[in-house]
Amino acid sequence: MTASVPSETRNAEPGTRNDYPGPYGLSEEQEIFKRTVHEFAEREIVPVAHELDEKVEYPRATVAKMGQLGLLGLLVPEEYGGAGASTLDYVLGMEEISWADASHSVVMSVNNSLVCEPILRFGAEEQKRRFLVPLAGGEYVGAYCLSEPTSGSDASNMSTQARRDGDGWVLNGTKSWITNGGEAGVYLVYALSNPNVPKSRGITAFLVPANTPGLRAGKKEKKLGIRASSTTQIFFEDCRVPADAVIGTVDEGFKIAMATLDGGRIGIGAQALGIAQRALDESVRYSKEREAFGHPIADFQGLQWRMADMATRVECARLLVYRAARMKDAGQSFSKEASMAKLFASETAMFCAHAAVQMFGGYGYVREYAVEKLFRDAKITEIYEGTSEVQRLVISRHVLR
Ligand SMILES: Cc1cc2nc3c(=O)[nH]c(=O)nc-3n(C[C@H](O)[C@H](O)[C@H](O)COP(=O)(O)OP(=O)(O)OC[C@H]3O[C@@H](n4cnc5c(N)ncnc54)[C@H](O)[C@@H]3O)c2cc1C
């Protein structure tokens, strides 16, 4: 689990295949880790994913097993109960869990990227000890509360207020679309704390335990995909929190929100990559089994070319996602690369899921086969943690700089 980022890919002498570090330059530990997570996902998640999706049921039992395996605190150092792994390791894990089921992987991504990481980067020592240990160990999961009914892409245009009250703060407002809503043990909440400055310069981030009076989860949203994950509104009604609930600096929370999303986008890129790979795998398998006109449909050039396009895009997405993760691990700026990875991988997930449904014909359109769910799950990767339009905005700003 503590696999390090491999050094530069070496050029292998012809005929010395064993020296070749593989197409992605992963270390042996990373290859083993990826395979281990894949086997876990195939054994534990694949058998329950379809039913949980049908029942719209949060995967409590399997998420707990993910916690035992260390998948909920991959980025958290061992001293706080985590695996002390790299972003690249995290991405490898996300890819494999997403291959099995995106509802499970969204829980993993929010917990690792959107909650543990900001606590680690911006939290006080006491906050790290108090929250990271249970979050990394799977005792509970976290949630990230930025979006509101009238502010999503334009995230700083929020309305939730944080009013000073003696030593502490009182929160009032409504957050929307909160993943892990109603399931989380702690909520990372962004609220306007200073009415006298432009909104983006007057937002503070707070860590609010779920049992705080005045915090209430709404009903679960009825979603197109990732139906086993919980998405709710979170209401703050005179919710009083102490001064030490503030994470980072008062009025500088929006920087935390944006920095957190940069890292999160690599995780969603990996989620999309896992969905795309599964769509390709299902298509390849089915095309060899299904016959039409006296041939396996894999014999038809039209379908061969479609699978070639899918495979090529999956490889491009993987290289972009791994590259962004490596840049983050190396301490380089990676905002543009994270957006490129998420943009391309999410559009690849949609492309591959769409192609897979078509390849399955009528069977692609019914719930018996995995591709129908992949088609529904893929769409969210183009929407959350910044829509594809927002990713293009970020990328074009860098390009035009
Ligand atoms: C299942 C699910 C889970 C989610 N989980 C979370 C969570 O855990 N925490 C959280 O805080 N949020 C979460 N979200 C919210 C998500 O991040 C937002 O839905 C997303 O950022 C888009 O915001 P919006 O829905 O308000 O759309 P809007 O911002 O209203 O956008 C509407 C459309 O306009 C486009 N658009 C907006 N601005 C521009 C522009 N400048 N240029 C071009 N096009 C533009 C958008 O791309 C989109 O197509 C979740 C959403 C869903 C559906």
Side-chain angles (χ1 to χ4, degrees), residues 53 56 58 98 101-118 135 141-160 173-192 200 203 205-208 210 215 217-236 253-254 256-265 267-269 271-272 275 339 342-343 346-347 349-350 373 376-397 400:
D53 177 76
V56 194
Y58 180 80
S98 307
D101 181 40
S103 286
H104 282 78
S105 66
V106 71
V107 177
M108 177 173 164
S109 90
V110 167
N111 208 64
N112 274 285
S113 308
L114 300 192
V115 182
C116 287
E117 227 193 328
L135 284 166
V141 293
Y144 177 89
C145 304
L146 180 65
S147 305
E148 299 193 0
T150 53
S151 63
S153 305
D154 186 10
S156 67
N157 192 29
M158 61 179 62
S159 303
T160 297
T174 301
K175 294 291 176 180
S176 289
W177 315 113
I178 304 308
T179 302
N180 296 339
E183 299 290 339
V186 64
Y187 292 80
L188 175 50
V189 185
Y190 297 90
L192 289 171
S200 62
I203 290 169
F206 299 89
L207 282 166
V208 187
L215 183 158
K219 64 174 175 36
K220 273 168 91 165
E221 301 290 350
K222 294 178 181 168
K223 304 192 294 287
L224 171 71
I226 56 166
R227 281 155 47 97
S229 71
S230 174
T231 313
T232 72
Q233 286 194 319
I234 300 292
F235 302 106
F236 296 92
F254 197 60
I256 299 180
M258 292 299 106
T260 299
L261 287 177
D262 274 347
R265 284 167 185 163
I268 301 305
Q271 180 180 51
I275 295 170
S339 284
K342 184 192 183 266
L343 173 65
S346 59
E347 293 189 350
M350 278 306 285
K373 180 171 157 305
R376 290 185 288 106
D377 287 349
K379 184 61 199 169
I380 191 59
T381 64
E382 293 186 319
I383 295 175
Y384 55 22
E385 299 202 25
T387 61
S388 292
E389 290 77 12
V390 166
Q391 305 312 326
R392 287 186 165 91
L393 261 173
V394 173
I395 297 163
S396 60
R397 269 187 207 139
L400 293 168

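Numbering of ligands and ligand atoms starts at 1, following listing order.
The protein heavy atom nearest to atom 25 (O) of ligand 1 is Trp177 NE1, 4.3 Å. Counting protein heavy atoms only, atom 52 (C) of ligand 1 is closest to Ile380 CD1, 3.7 Å. When hydrogens are left out, the protein atom nearest atom 37 (C) of ligand 1 is Ser153 OG, 3.6 Å; that is the closest non-hydrogen contact. Of the protein's non-hydrogen atoms, the one nearest atom 26 (O) of ligand 1 is Gly152 CA, 3.2 Å. The single protein non-hydrogen atom nearest to atom 8 (O) of ligand 1 is Thr179 N, 3.0 Å, given as residue, atom name and distance. Looking only at protein heavy atoms, the nearest one to atom 22 (C) of ligand 1 is Thr387 CG2, 3.8 Å.
Evaluated by nearest non-hydrogen atom to atom 49 (O) of ligand 1, the leading choice among Glu389, Glu221, Glu382 is Glu389. Distances from atom 18 (C) of ligand 1 to the heavy atoms of Ser151, Ser147, Gly225, Ser229 put Ser147 nearest.
Looking at heavy atoms from C-beta onward, Ile268 lies in side-chain contact with Ser109 at the 4.5 angstrom threshold. Looking at Glu221 and Ser176, their side chains never come closer than 4.5 Å, going by heavy atoms from C-beta outward. For the pair Arg227/Lys222, no side-chain contact is recorded, criterion being any heavy-atom separation below 4.5 Å from C-beta on. Contact check for Val390 versus Arg265: side-chain heavy atoms found under the 4.5 Å cut-off.
Between Ser230 and Glu183 the shortest heavy-atom distance is CB-CG, 3.9 Å. The two residues Leu135 and Cys116 have their closest heavy-atom pair at CB-SG, 3.8 Å.
Heavy-atom proximity to Leu146, at under 4.0 Å, picks out these atoms of ligand 1: 11 (O). Applying the 4.0 Å criterion to heavy atoms of Lys223 picks out, from ligand 1, the atoms 1 (C). Listed by atom number, the atoms of ligand 1 under 4.0 Å from Glu385 heavy atoms are 17 (O).
There is no protein heavy atom closer than 4.0 angstrom to atom 34 (O) of ligand 1. Checking atom 39 (C) of ligand 1 against the protein gives no heavy-atom contact under 4.0 Å.
Residue contact annotation: Ile383 has a non-hydrogen atom under 4.0 Å from ligand 1. Residue-ligand proximity: Leu393 is placed with a non-hydrogen atom under 4.0 Å from ligand 1.
Below 3.5 Å of separation, one finds an N or O of Tyr144 facing an N or O of ligand 1. In terms of polar-atom proximity, defined here as any N/O pair under 3.5 Å, Thr231 makes no such contact with ligand 1.
Between the side chains of Gln271 and Thr381, no donor N or O sits under 3.5 Å from an acceptor N or O. Between the side chains of Ser98 and Ser105, at least one donor-acceptor pair of N or O atoms lies under 3.5 Å.
The only option from Leu192, Thr150, Thr174 that meets the side chain to side chain contact (heavy atoms under 4.5 Å, CB included) definition with Met158 turns out to be Leu192.
At distances below 3.5 Å, at least one donor-acceptor pair connects side-chain atoms of Asn112 with backbone N or O atoms of Met108.
Under the 6.0 Å cut-off for aromatic ring centres, Tyr190 and Tyr144 qualify, their centroids lying closer than that.
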